[in-house]
Amino acid sequence: MSFRKRFTLALVRNAEEVLLGLKKRGFGEGKWNGFGGKVEAGESIHDAAVRELREESGLIVENLKYIGILDFEFAGDPKILEVHVFTTSQFTGQLVESDEMKPQWFSIQDVPFAKMWPDDEFWFPLFLKNEMFKGYFFYKDQDTIGHYTLSVVDEL
Ligand code: 6OG
């Protein structure tokens, strides 16, 4: 039997750039990604996304826009990662490097897909076009997607 774990992923952007962090330890180490982590017991998904963004980047946001749900399954692992994706272009605070993440702005033309999770190449274009999306990715191993589904949706 499979079970689900909830995670958040926050993408801060402006018209030309997107903020990514280099994951320095743990799951996804060495990859650039948005900021996020596990939703804690009793915490709303939105509040978890705001908290993780602050902890990992130093940026403070009031509200994040909910834009996507991505499910990830890895061969041989009963756990399904349910990743809730948020975005904003409004924030206060200063970028700080944390123990977990090294933040850096990237031009939207220059997103480092070769050093990101392979699924990002599929759904990032939807995010950059301000679409909302739902997806499922089955990984054969940490570098290889076996199959996936992805669709644009009107609501989440
Ligand atoms: P911590 O282990 O740091 O949370 N995450 C993924 N993000 C992308 N783009 N692709 C994946 O494909 C991912 N799997 C997990 C969710 C892990 C962080 O990494 C994201 C969280 O933001 C497999 O607590």
Side-chain angles (χ1 to χ4, degrees), residues 2-13 17-61 64-88 91 95-106 108 110-129 131-153 156:
S2 62
F3 65 98
R4 293 181 158 263
K5 273 197 117 162
R6 284 175 173 169
F7 291 82
T8 64
L9 187 64
L11 294 158
V12 178
R13 65 172 295 187
E17 293 172 306
V18 60
L19 181 69
L20 299 174
L22 180 64
K23 188 87 188 280
K24 291 161 68 173
R25 64 175 191 207
F27 189 65
E29 183 177 338
K31 291 183 169 71
W32 292 96
N33 203 352
F35 300 86
K38 293 174 199 70
V39 179
E40 285 173 4
E43 187 181 39
S44 76
I45 297 172
H46 176 269
D47 289 354
V50 169
R51 173 183 56 74
E52 288 281 349
L53 178 63
R54 189 186 62 240
E55 287 173 4
E56 293 184 349
S57 75
L59 299 189
I60 298 160
V61 294
L64 289 162
K65 187 173 164 227
Y66 193 22
I67 57 163
I69 305 177
L70 299 169
D71 286 346
F72 299 111
E73 188 172 357
F74 288 85
D77 187 341
K79 177 169 76 262
I80 293 177
L81 280 66
E82 186 184 284
V83 178
H84 297 263
V85 189
F86 294 83
T87 190
T88 190
F91 57 85
L95 277 185
V96 289
E97 181 167 344
S98 64
D99 291 349
E100 197 162 338
M101 288 291 233
K102 179 184 163 202
Q104 189 178 309
W105 288 97
F106 288 86
I108 279 167
D110 231 1
V111 175
F113 288 115
K115 295 178 196 155
M116 295 165 73
W117 281 104
D119 57 274
D120 294 16
E121 198 154 7
F122 296 96
W123 60 264
F124 238 74
L126 301 178
F127 149 61
L128 293 173
K129 280 193 286 181
E131 307 269 27
M132 292 199 290
F133 50 87
K134 275 189 183 170
Y136 164 76
F137 293 85
F138 178 84
Y139 274 81
K140 291 200 271 190
D141 58 52
Q142 295 238 343
D143 304 314
T144 321
I145 294 169
H147 54 272
Y148 75 96
T149 60
L150 181 65
S151 41
V152 172
V153 297
L156 291 166

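Below, all heavy atoms of this structure are taken into account, side chains as well, without hydrogens, waters or symmetry copies. Bear in mind that the values here come from a model prediction, so they are computed numbers and not experimental data. One-based numbering, in listed order, for ligands and for the atoms of each.
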Note to self: Other residues, nucleotides and ligands only: do more than 12 of their heavy atoms fall within 6.0 Å of NZ on Lys102?
What the structure shows: no
Next item on the list: Give the residue and atom name of whichever protein heavy atom lies nearest to atom 18 (C) of ligand 1, and the separation in Å to one decimal.
Entry: Gly36 O, 4.1 Å
Check: Near Arg51 CZ, under 6.0 Å, is it more than 12 heavy atoms from other residues, nucleotides or ligands?
Finding: yes
Next item on the list: Report, in ascending order of atom number, the atoms of ligand 1 lying under 4.0 Å from any heavy atom of Glu100.
Entry: 3 (O)
Notebook entry, point to check: Can you say whether the rings of Phe127 and Phe124 are parallel (under 30°), tilted (30 to 60°) or perpendicular (over 60°)?
Noted result: perpendicular
Checklist line | Residue pair Trp32, Phe106: steps toward the ring-ring contact (aromatic ring centres under 6.0 Å, His included) verdict | finding: CA-CA 10 Å; Trp32 292 96; Phe106 288 86; 4.8 Å; yes
Next item on the list: Identify the protein heavy atom lying closest to atom 5 (N) of ligand 1, giving its residue, its atom name and the separation to 0.1 Å.
Entry: Asn33 ND2, 4.0 Å
Check: Are side-chain heavy atoms of Val39 and His84 found at a separation under 4.5 Å?
Finding: no
Margin query: Which of the numbered atoms in ligand 1 are under 4.0 angstrom from any heavy atom belonging to Lys38?
Written below: 2 (O), 24 (O)
Next item on the list: May I ask you to identify the nearest protein heavy atom to atom 17 (C) of ligand 1, giving residue, atom name and distance to one decimal place in Å?
Entry: Phe7 CD2, 4.0 Å
Next item on the list: Run the numbers for me: atoms of ligand 1, each under 4.0 Å from some heavy atom of Gly37, listed by number.
Entry: 4 (O), 21 (C), 22 (O), 24 (O)
Check: What do you reckon, does Trp123 have a nitrogen or oxygen under 3.5 Å from a nitrogen or oxygen of ligand 1?
Finding: no
Next item on the list: Would you please name every residue forming a side chain to side chain contact (heavy atoms under 4.5 Å, CB included) with Ser2, sequence neighbours left out?
Entry: Ile80
Note to self: For Phe137, state whether at least one heavy atom is located under 4.0 Å from any atom of ligand 1.
What the structure shows: no
Next item on the list: Take atom NZ of Lys140 as the centre, draw a 6.0 Å sphere, and report whether it contains more than 12 heavy atoms from other residues, nucleotides or ligands.
Entry: no
Notebook entry, point to check: Which protein heavy atom lies closest to atom 10 (N) of ligand 1, and at what distance to 0.1 Å?
Noted result: Asp119 OD1, 2.9 Å
Note to self: Show the atoms of ligand 1 that are less than 4.0 angstrom away from any heavy atom in Leu9.
What the structure shows: 22 (O)
Note to self: Can you see whether Asp77 engages Tyr139 through a side-chain donor-acceptor pair at a distance of less than 3.5 angstrom?
What the structure shows: no
Next item on the list: Any atoms of ligand 1 less than 4.0 Å from a non-hydrogen atom of Leu81? List them with their elements.
Entry: 14 (N), 15 (C)
Notebook entry, point to check: Which protein heavy atom lies closest to atom 15 (C) of ligand 1, and at what distance to 0.1 Å?
Noted result: Phe27 CE2, 3.6 Å
Checklist line | ligand 1 contact on Leu70 by region, counting heavy-atom pairs under 4.0 Å | finding: neither
Notebook entry, point to check: Which ligand 1 atoms, with their elements, are less than 4.0 angstrom from a heavy-atom of Thr8?
Noted result: 16 (C), 21 (C), 22 (O)
Margin query: Checking the N or O distance criterion of under 3.5 Å, is ligand 1 in contact with Asp120?
Written below: yes
Check: Mind checking whether Gln142 has a heavy atom under 4.0 Å from ligand 1?
Finding: no
Next item on the list: Go through Phe35 and Leu59 one step at a time and tell me if the side-chain contact (heavy atoms from CB on, under 4.5 Å) criterion holds.
Entry: CA-CA 10 Å; Phe35 300 86; Leu59 299 189; over 6 Å; no
Next item on the list: Report yes if some heavy atom in the side chain of Asp120 is under 4.5 Å from a heavy atom in the side chain of Val111; otherwise report no.
Entry: no
Next item on the list: Give me the ring orientation class for His147 and Phe138: parallel if the planes are under 30° apart, tilted from 30 to 60°, perpendicular past 60°.
Entry: parallel
Next item on the list: Could you see which bit of Phe74 sits under 4.0 Å from ligand 1, with heavy atoms only: side chain, backbone, both or neither?
Entry: side chain
Next item on the list: Among Glu97, Glu100, Glu29, find the one that has a salt bridge (Lys or Arg N to Asp or Glu O under 4.0 Å) with Lys24.
Entry: Glu97
Notebook entry, point to check: Under a heavy-atom criterion of less than 4.0 Å, does Lys23 contact ligand 1?
Noted result: yes
Check: With backbone taken as N, CA, C and O and side chain as the heavy atoms from C-beta onward, which portion of Glu52 lies under 4.0 Å from ligand 1: side chain, backbone, both, or neither?
Finding: neither
Item checked: Residue, atom name and distance, where the atom is the protein heavy atom closest to atom 8 (C) of ligand 1 -> Trp117 CD1, 3.4 Å
